[in-house]
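Notes follow the structure.
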Protein chains: 2
Amino acid sequence: MITVMAGRPRSFDRDAALAVAVEQFWRTGYDETSVATLTAAMGVSPPSLYAAFGDKHRLFEEAAATYFRRTCEGLDAAAALPTAREAVTRMLDDTARAHTDAGTPPGCLMLTEPRLTAQREELHRRLQERLDRGVRDGDLPPDTRTEALASFLVAVLRGMSGCARDGGTIDDLRAIAQTAMAAFPPPSGG
Amino acid sequence: MITVMAGRPRSFDRDAALAVAVEQFWRTGYDETSVATLTAAMGVSPPSLYAAFGDKHRLFEEAAATYFRRTCEGLDAAAALPTAREAVTRMLDDTARAHTDAGTPPGCLMLTEPRLTAQREELHRRLQERLDRGVRDGDLPPDTRTEALASFLVAVLRGMSGCARDGGTIDDLRAIAQTAMAAFPPPSGG
DNA sequence: CTCTTTCTGTAGTGACCACTATTGATCGAG
DNA sequence: CTCGATCAATAGTGGTCACTACAGAAAGAG
């Protein structure tokens, strides 16, 4: 079943426009990002935006999903490291870099936007899974409270994002990450 | 020099109205709190609000200062404990309770509101001062990186606030606090 | 009492919000 | 070419925003 495509084709790149929307929502959040600024930044008139993305809320959801997918790729790469400690260390260092990258807005959309609770829960779930694997692999003590440790790590990540939004540098964020790793269980028994 | 007070007196309690404004800003933040909801909650008409508090921005600043003053009282009480470890432990426990108290909005105004960067810097300064005192008192190792530790603690506090806003319970926040304390330097040497 | 001052409520200001009706342009199909 | 379909841009929709002009009410000073 192939849908027949007659009529005038779209004159802008939908993916490129969505990327611009991601950047806007990332920089100023959902509420502070108006449709007028979105259309201006995307180079698209309001009717075209609504035809292509539905409404502001659905555009945000699509933008947030895009952002989350990209974040998870980095997360999976870190999680693939041999031990939980290496995985978490890598994740924190990636975070320090990403949250202060000059080419993108400071901080993290997922960790800052109030309405993205579900994404943060998913992040927590993935973290805990990696920690549980560390327990199974024996590189974390068997009595490790993986859920509390995952909650702690999410809190630290959120704190790093907030620090970046407040103007913190990559070194500030690395100092937080390094200090946080002192709370990570040592490899040899707990 | 005494100012002569003629004219009709104010018909509402300014401090009580301010307390209501604190609660509103705390619950929904600066941008999401409209003057209309403020006047409704405070039981004051718009012109009275503007006569008593200036404008929305100044009302917010006054509300934030009130909130901050109250927070600092608890902070000072914790800081007065004998050792830095006790002080920080108490502060984290107070935070877990305050951020999930049923009588107030979840989380923390100072740690959530983007425009309150100065208050967070002041919090960081106070934390570092208490840690420095711990080093001087000898209950923290002399090589303790107090600035990084203070940044870490602010990050954890912010993470706890965010967790509370996402629906976390007091036990969730206590688990974060307890895990974070594992990163605190042990009392006897570094 | 009058006069002055300050508060109060009603009612509305222009600006911006998310969103859309309408019209005309531009494509593929035949 | 004509025709039908889908796009795009102009120009607005009602609603809400922070904020205020205005007029009447309530107090102290004399």
Side-chain angles (χ1 to χ4, degrees), chain A residues 1-65 109 113-116, chain B residues 1-65 109 113-116:
Chain A
M1 185 77 168
I2 295 179
T3 304
V4 177
M5 288 293 293
R8 178 178 175 177
R10 179 180 291 124
S11 69
F12 61 94
D13 184 338
R14 192 182 188 279
D15 289 339
L18 180 60
V20 172
V22 170
E23 157 112 9
Q24 287 292 319
F25 283 126
W26 188 353
R27 191 177 303 280
T28 53
Y30 179 82
D31 292 308
E32 292 308 289
T33 303
S34 71
V35 173
T37 65
L38 283 169
T39 55
M42 298 160 81
V44 169
S45 65
S48 299
L49 184 147
Y50 281 89
F53 297 104
D55 59 7
K56 183 187 177 184
H57 187 250
R58 262 179 291 186
L59 172 57
F60 172 76
E61 282 183 342
E62 199 168 336
L109 174 62
E113 187 62 42
R115 17 170 70 77
L116 294 180
Chain B
M1 186 79 168
I2 296 178
T3 305
V4 177
M5 287 294 292
R8 179 175 175 178
R10 179 180 291 123
S11 70
F12 61 93
D13 183 338
R14 191 181 188 280
D15 289 339
L18 181 58
V20 172
V22 170
E23 156 111 11
Q24 288 291 320
F25 283 126
W26 188 352
R27 189 177 305 280
T28 52
Y30 179 80
D31 293 308
E32 291 309 288
T33 303
S34 70
V35 173
T37 64
L38 283 169
T39 56
M42 298 160 81
V44 168
S45 65
S48 300
L49 184 146
Y50 280 88
F53 297 103
D55 59 7
K56 182 188 177 184
H57 187 249
R58 263 179 290 187
L59 172 58
F60 172 76
E61 281 182 344
E62 199 167 338
L109 174 61
E113 188 63 41
R115 18 168 72 75
L116 293 180

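Just so it is clear: chains get the letters A, B, ... in the order the sequence lines come, proteins before strands, and each one is counted from 1.
Distance, B/Met42 CE to C/dC7 P: 15 Å, rounded to whole Å. Nucleotide D/dC19 holds its C1' atom 14 Å from the CG atom of B/Leu59, rounded to whole Å. Between the C1' atom of D/dA18 and the CZ atom of B/Phe25 lies a distance of 12 Å, rounded to the nearest Å. Nucleotide C/dG9 holds its P atom 13 Å from the CZ atom of B/Arg10, rounded to whole Å. Going from atom CG of A/Leu49 over to atom C1' of D/dA9 covers 14 Å, rounded to whole Å.
In this structure the side chain of B/Phe53 reaches within 4.5 angstrom of the side chain of B/Arg14, judged on heavy atoms.
The heavy-atom pair separating A/Tyr50 from A/Lys56 by the smallest distance is CE2-N, 4.4 Å.
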query: Which letters describe nucleotides 12-19 of chain C, given B = protein heavy atom under 4.0 Å from base, S = only from sugar-phosphate, - = neither?
result: -----SSB
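The side chain of A/Ser11 places an N or O atom within less than 4.0 Å of a non-bridging phosphate oxygen (OP1 or OP2) of D/dA8.
The main-chain N or O of A/Val35 is found under 3.5 Å from a side-chain atom of A/Thr39 such that the two form a donor-acceptor pair. Of the possible polar contacts, none joining the B/Thr37 side chain to the B/Thr33 backbone as a donor-acceptor pair under 3.5 Å is found.
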message: One pair to check against salt bridge (charged side-chain N to carboxylate O under 4.0 Å, His left out): B/Glu61 and B/Arg115. What are the steps and the verdict?
response: CA-CA 10 Å; B/Glu61 281 182 344; B/Arg115 18 168 72 75; over 6 Å; no
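Each of B/Gly54 and A/Phe12 lies near DNA chain D, and the nucleotide nearest A/Phe12 is the one positioned closer to the 5' end.
For A/Ser48, the side-chain atoms get nearest to D/dA8 when compared with the rest of D/dA8, C/dA21, C/dT8.
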Atom pairs and distances, donor-acceptor, side-chain atoms in residues 17-26 of chain A, under 3.5 Å, two or more places apart:
{"residue": "A/Glu23", "atom": "OE2", "partner": "A/Arg27", "partner atom": "NH2", "Å": "2.3"}
{"residue": "A/Trp26", "atom": "NE1", "partner": "A/Gly107", "partner atom": "O", "Å": "3.0"}

